[in-house]
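Read the numbers this way: they start at 1 and go in the same order the structure lists the ligands and their atoms. All residue numbers refer to positions in the sequence shown, counting from 1.
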Amino acid sequence: MTLENKLNITDQIELAKTEEKISKQKAKQLFDSGDINQVAVGQFAGLAFIHGYLFGDIYYFAGKVRDVNIATGNFRFAPVMYLEVSLNYIDTMPQNSFEAIIEKYVEMNVAHPFREGNGRATRIWLDLMLKKEIQQVVDWNQADKEEYLSAMQRSVVKDLEIKALLKSALTPEINDRALYMKGIDVSYYYEGYSEFKTEDL
Ligand SMILES: Nc1ncnc2c1ncn2[C@@H]1O[C@H](COP(=O)(O)OP(=O)(O)OP(=O)(O)O)[C@@H](O)[C@H]1O
Ligand SMILES: [Mg+2]
């Protein structure tokens, strides 16, 4: 079953392509319009803004906390019952060092607050914390897909791998537009979307 969507698309391949195209256009607009500077950095409200911005034209659930339990592989993300408490707690977590920021990111990944699109929205949210607090961002092209996904799987038990991987991919080029656009493409590639280049949309 394809996810219910505002475009009434029922073909899953068409939905994947359309979702990729529209949400990448929105990711580009988020940067070029300067709307990205309105995001509440390190807060759930900021992540919900990003998610709503990217996916609001496609899904009714964009920017809204999910009301179903979800799992990837054999990992079950936070049960709906505890999600609100968890998100309130994450808002209070410190973000004053690289380590603290990754720990906060790992907790947000465990929360997985949305029905779909968590990975892609949360990586933008992570970069905004790094940019504001330590004046660096991740050059996602330097983080290999398989290594990243395996480090994220592992992060729910131990965060050493993801910290090492992302630390080695940091760059001080925090306002580089091309780096941001490329980062969106890599982030989508991690999740299986590589039909369009953000720059070209
Ligand atoms: N087994 C796992 N345990 C913990 N985290 C995981 C696991 N698998 C994936 N992740 C993390 O969750 C992110 C998104 O994965 P998933 O596909 O489950 O969510 P999603 O809501 O569909 O997000 P998106 O649509 O952006 O892919 C991955 O990029 C990774 O950071
Ligand atoms: Mg997905």
- Query: Does R115 pair with D67 as a salt bridge, N-O distance under 4.0 Å?
  - Reply: no
- Does the distance from a Lys or Arg side-chain N to an Asp or Glu carboxylate O, for D127 and K131, drop under 4.0 Å? no
- Item | Residues in the immediate environment of ligand 1 (any heavy atom closer than 4.0 angstrom) | T72, F75, F77, N109, H112, E116, G117, N118, G119, R120, R123, Y148, L149, M152, Q153, V156, E191
- Where does the angle between the aromatic ring planes of Y188 and Y193 fall among parallel (under 30°), tilted (30 to 60°) and perpendicular (over 60°)? perpendicular
- R177/D32 ion pair, N-O < 4.0 Å: yes
- Side-chain ion pair, E116 and R66, N-O less than 4.0 Å: no
- State plainly whether the residues E191 and K145 are in salt-bridge range, i.e. N to O under 4.0 Å. no
- Message: Give me the number of protein N, O or S atoms whose distance to the Mg ion (ligand 2) is under 2.8 Å.
- Response: 1
- Kindly assign one of parallel, tilted or perpendicular to the pair Y190 and W140, based on the angle between their ring planes and the thresholds 30° and 60°. perpendicular
- Task: Indicate yes or no: does E99 engage K104 in a salt bridge with an N to O separation below 4.0 Å.
- Result: no
- Are the ring centres of F61 and F114 closer than 6.0 Å? no
